[in-house]
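Here's the structure, in structure tokens; my notes come after.
Residues take their numbers from the sequence shown, with the count starting at 1.
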Amino acid sequence: MRFILYAAALLLLHFLLTASFCLAIRTTVGGDGLGFRFPEAPYYRNGVECPVSSGDRNLVQVAMTLDFEYLRGSIAAVHSVVRHASCPENIFFHFIAAEFDPASPRVLSKLVRSTFPSLNFRIYIFREDTVINLISSSIRQALENPLNYARNYLGDMLDLQVGRVIYLDSDLVLVDDILKLWNTTLTNSRVIGAPEYCHANFTKYFTAGFWSDPVISRVFRSRKPCYFNTGVMVMDLVRWREGNYRKRIENWMEIQRKKKIYELGSLPPYLLVFAGNVEGIDHRWNQHGLGGDNIRGSCRSLHPGPVSLLHWSGKGKPWVRLDGGSPCPLDHIWESYDLYKGNLIKHQSFPSAFANFFEYPSYLF
């Protein structure tokens, strides 16, 4: 009788390990000794009201960078997007990876696929030498990462049939349906849409040398420029390509290399090209600055009003503060989308009724 019960228990163990609803949470381990461990995210399916996508029709196109340093943030951002989407299967992600990142594009692709098996995505390789000679020193070294400038080249990297895209930074989470942001109308032939902050002191984003130069400072003479954050943008890539906006941004970066007209990294060229001609989007779509300033990264509160997207722009990143044991209050909102499990492989035990028949390892693999 004891032998029969033991055999039955072994058969049950085999079934549980191979069945499609296995109790173990699968864990992804990054190759090349990277040690990333992300359990498989839940499946998020379209509702009956979702249109059937045909090619690029009815697809929400999202572009993000994907790199070793911010990978944990990127995974949390993607998780938040699909979790709150009304039609998650109608979202296509365009991930931009650096050519010489410690995590190779192939490893990153495998990791994303294992974490989000149903996700529609493609990974593009960004050649750092495209922009490396245009980057000048910044107030914070992280802002000098060539991948920060990848958004300038979306019109070149993405297929021509991708005529519109939402660009998202890796240090944010959505708490609303991204389809609402996608439905933003870009009026008057505007190329980008973003939340604007016209109460901000616009002059501080450029040096005194810029404002005292009678030639280059006149770029704003016919415009009423307002600050906007480039971490959340709706971009018309058709107009972007037609207007050669990549080259316009590069021109200002070349001037910066010669005259030092700003201190921040990839943001000021966008202000120089677009400020005063941006489609204003509701502030709820970029509650930015939650990472504090670029020096201390101290805690900050939300801006007044409703919230659809929280953005930890600034020095302080929620995963760093959480791991360091000193999180800010809002970091716990980000934590609810964090899938990273470090070196611990999560598991669920078998029912206790079978525990007496055999011993099993403390983790499943």
Side-chain angles (χ1 to χ4, degrees), residues 136-140 142-144 148-149 151-152 166-174 176 181 184 186-188 190-213 216-235 245 248-249 252-253 255-256 259-318 328 330:
S136 58
S137 60
S138 182
I139 193 172
R140 184 160 57 92
L143 299 177
E144 300 172 22
N148 290 339
Y149 296 83
R151 73 196 82 184
N152 304 356
I166 295 174
Y167 176 81
L168 297 176
D169 271 352
S170 298
D171 53 357
L172 54 78
V173 294
L174 274 74
D176 203 345
L181 181 60
T184 298
L186 300 180
T187 61
N188 299 324
R190 291 189 172 106
V191 179
I192 65 171
E196 291 185 293
Y197 302 88
C198 295
H199 62 277
N201 182 3
F202 192 81
T203 61
K204 73 176 184 178
Y205 294 100
F206 302 94
T207 64
F210 169 83
W211 294 112
S212 63
D213 190 307
I216 59 177
S217 63
R218 68 184 180 188
V219 63
F220 295 121
R221 186 173 300 171
S222 60
R223 293 186 266 161
K224 294 182 179 179
C226 294
Y227 165 78
F228 66 94
N229 181 278
T230 53
V232 180
M233 295 187 292
V234 178
M235 307 175 69
Y245 283 93
R248 297 189 193 190
I249 289 173
W252 282 111
M253 294 175 68
I255 293 175
Q256 161 71 358
K259 296 192 175 184
K260 194 68 175 178
I261 57 176
Y262 54 80
E263 299 291 344
L264 293 174
S266 59
L267 167 65
Y270 272 81
L271 298 179
L272 288 161
V273 173
F274 293 109
N277 194 25
V278 173
E279 187 71 38
I281 299 176
D282 194 292
H283 289 178
R284 69 188 303 153
W285 287 105
N286 195 352
Q287 287 267 354
H288 69 287
L290 303 184
D293 59 26
N294 281 301
I295 305 298
R296 295 182 299 274
S298 54
C299 297
R300 285 184 178 175
S301 302
L302 290 173
H303 310 288
V307 180
S308 292
L309 185 151
L310 293 86
H311 186 187
W312 279 262
S313 57
K315 183 179 180 180
K317 303 307 174 187
C328 297
L330 291 174

Minimum side-chain heavy-atom gap Val191-Leu186 below 4.5 Å: no
side-chain contact (heavy atoms from CB on, under 4.5 Å) assessment of Val273 paired with Val219: CA-CA 9 Å; Val273 173; Val219 63; over 6 Å; no
pair Tyr227-Asn201: side-chain heavy atoms closer than 4.5 Å: no
Reported CG-to-OG distance for the pair Leu330 and Ser301, which is rounded to 0.5 angstrom: 6.5 Å
Backbone of Leu168 reached by a side-chain donor or acceptor of His311 within 3.5 Å: no
Any side-chain donor near an acceptor of the partner, Glu263 and Thr207, under 3.5 Å: no
For the student: nearest non-hydrogen atoms of Arg300 and Gly289, plus distance: CD-O, 2.9 Å
Asn277 backbone acceptor or donor facing Arg223 side chain under 3.5 Å: no
Donor-acceptor pair, side chain of Asp282 and main chain of Arg284, under 3.5 angstrom: yes
Trp285 and Thr184: CA distance, side-chain angles, deciding distance, side-chain contact (heavy atoms from CB on, under 4.5 Å) verdict: CA-CA 11 Å; Trp285 287 105; Thr184 298; over 6 Å; no
Beyond-backbone contact of Tyr245 with Asn152, side-chain heavy atoms, under 4.5 angstrom: no
Non-hydrogen side-chain atoms of Leu172 and Gln287 separated by less than 4.5 Å: no
Nearest-0.5 Å distance that lies between atom CD1 in Ile216 and atom CD1 in Ile255: 6.5 Å
Heavy-atom side-chain proximity of Tyr205 to Leu272 below 4.5 angstrom: no
Criterion ring pair (Phe, Tyr, Trp, His ring centres under 6.0 Å) on Phe274 and Phe228, from CA distance to verdict: CA-CA 9 Å; Phe274 293 109; Phe228 66 94; 7.0 Å; no
From CA spacing to verdict: salt bridge (charged side-chain N to carboxylate O under 4.0 Å, His left out), Asp293, Lys315: CA-CA 6 Å; Asp293 59 26; Lys315 183 179 180 180; over 6 Å; no
Plane angle bin for Phe206 and Tyr262 - parallel if under 30°, tilted between 30 and 60°, otherwise perpendicular: perpendicular
Whether Phe220 and Phe202 hold their rings parallel, tilted or perpendicular, with breakpoints at 30° and 60°: perpendicular
Side-chain donor or acceptor of Glu279 paired with backbone N/O of Ile192 under 3.5 Å: no
Distance-minimising heavy-atom pair for Arg151 and Met233: CD-CE, 4.0 Å
Lys259 (side chain) donor-acceptor with Gly209 (main chain) under 3.5 angstrom: no
Residue pair Trp211, Asp213: steps toward the side-chain contact (heavy atoms from CB on, under 4.5 Å) verdict: CA-CA 6 Å; Trp211 294 112; Asp213 190 307; over 6 Å; no
Ser266 side chain to Tyr149 backbone, donor-acceptor under 3.5 Å: no
Test item: Leu310 and Leu302 side chains (from C-beta on) under 4.5 Å apart, heavy atoms: yes
For Lys317 against Asp171, the heavy-atom pair lying closest together: NZ-OD2, 2.6 Å
Residues Tyr197 and Asn229: side-chain donor-acceptor under 3.5 angstrom: no
Any side-chain heavy-atom pair of Asp169 and Trp312 under 4.5 Å: no
Nearest heavy-atom neighbours spanning Glu196 and Gly280: OE1-CA, 3.9 Å
From Trp252 atom CH2 to Tyr270 atom OH, the distance as rounded to the nearest 0.5 Å: 15.5 Å
Tyr167 and Val232: CA distance, side-chain angles, deciding distance, side-chain contact (heavy atoms from CB on, under 4.5 Å) verdict: CA-CA 6 Å; Tyr167 176 81; Val232 180; over 6 Å; no
